[in-house]
Amino acid sequence: VQLQASGGGLVEAGGSLKLSCVASERTRKYYAMGWFRQAPGKEREFVAAIGWNGGSIYYGDSVKGRFTISRENAKDTMYLQMNGLEPEDTAVYFCAAKDGSSSRYSRYYTYWGQGTLVTVSS
C-alpha cells in the first residue's frame with residue numbers, strides 16, 4: 001500500500017488546515033490508519049488513529065478537542081481536520097496504515113506516507 005499525504009502549508013496561529021492521505025489500493029479497505037508528526041529535533045509523536053470502519057478513534061493529548069480524524073473508504077482517503085492551530089503544532093505530518101485495530105504506537109504501522117509540512121506562525 002502506498003500512501004500520499006497532502007494539505008500542509010503555512011497558517012497563522014488559531015487557523016485551520018485539513019490534511020488528506022490517499023491510499024493506493026482500493027481493495028485494501030481493512031487497514032487502520034493514523035497520523036503522526038515530527039518536529040525538528042523531536043521524536044515522532046502520535047496525533048490520531050482510526051479503525052478501518054471509522055470507529056476506534058484515538059487522539060494524542062496535545063491535539064484532543066482541536067483535531068478530528070475521519071476517513072472515506074469509498075475514496076480510499078483519510079483526513080485530519082486541524083482547528084485552533086498553535087505554533088507547537090508545527091511539524092511534518094505523516095499518515096500510516098496497518099492491519100488490524102488502530103493503535104497509538106508508530107511501531108505497529110507497516111505503511112507510511114512521505115509526510116506533509118505544517119507550519120504555524122505566531
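Quick note: numbers below take in every heavy atom, side chains included, and nothing from hydrogens, waters or symmetry partners. Numbering starts at 1 and runs along the sequence shown.
Under a 3.5 Å cut-off, the side chain of S102 and the backbone N or O of S56 do form a donor-acceptor pair. The backbone N or O of G8 lies less than 3.5 Å from a partner atom in the side chain of T116, making a donor-acceptor pair. Panel note: side chain R71, backbone T77; no donor-acceptor pair is recorded below 3.5 Å.
Taking 4.5 Å as the limit, every side-chain heavy atom of R66 sits out of range of all side-chain heavy atoms of M82. You'll find the side chain of T110 stays beyond 4.5 Å of the side chain of D99, heavy atoms only.
Of all heavy-atom pairs between C95 and M78, the closest is CB-CE, 3.6 Å. Between P87 and S122, the shortest heavy-atom contact is CG-CB, 3.8 Å. Heavy atoms only, all atoms of each residue included: M33 and C21 are closest at CE-SG, 3.9 Å. Closest of all the heavy-atom pairs between A39 and A91 is N-CB, 3.8 Å.
The side-chain hydrogen bond (donor to acceptor under 3.5 Å, both in side chains) test applied to E45 returns R37, S62, not counting sequence neighbours. Shown here are the ring pair (Phe, Tyr, Trp, His ring centres under 6.0 Å) partners of Y109, two or more places apart in sequence or in another chain: F36. Under the side chain to side chain contact (heavy atoms under 4.5 Å, CB included) criterion, K64 pairs with Y59, D61, not counting sequence neighbours. Listed by chain and residue number, nothing satisfies the side-chain hydrogen bond (donor to acceptor under 3.5 Å, both in side chains) test with R44 (two or more places apart in sequence, or in another chain). Every side chain to side chain contact (heavy atoms under 4.5 Å, CB included) that V11 has, sequence neighbours left out, goes to L17, L85, V120.
A distance of 9.5 Å separates OG1 of T90 from NZ of K42, quoted to the nearest 0.5 Å. In this structure, the separation between OG1 on T119 and CD on E12 is 13.0 Å, given to the nearest 0.5 Å. Taken from CD1 in I69 to CD1 in I50, the straight-line distance is 5.0 Å, to the nearest 0.5 Å.
Hydrophobic clustering keeps L19 apart from V22 (ILVMFWY residues linked when any side-chain heavy atoms are closer than 4.5 Å, directly or through intermediates). L3 and F94 sit in two unconnected hydrophobic clusters of ILVMFWY residues. Membership requires side-chain heavy atoms under 4.5 Å apart, directly or through other members. With hydrophobic clusters built from ILVMFWY side chains whose heavy atoms lie under 4.5 angstrom apart, V63 does not share a cluster with L117.
Within the structure, the side-chain hydrogen bond (donor to acceptor under 3.5 Å, both in side chains) test picks out the following pairs touching residues 78-88 (sequence neighbours left out): S16-N83, E72-Y79, Q81-N83.
In this structure, the ring of Y58 has its center no less than 6.0 angstrom from the ring center of F46.
When W52, Y111, Y108 are each tested for a side-chain contact (heavy atoms from CB on, under 4.5 Å) with K98, only one passes: Y108.
Counting heavy-atom neighbours within 6.0 Å of Q2 CD, excluding the residue itself, gives a total of 12 or less.
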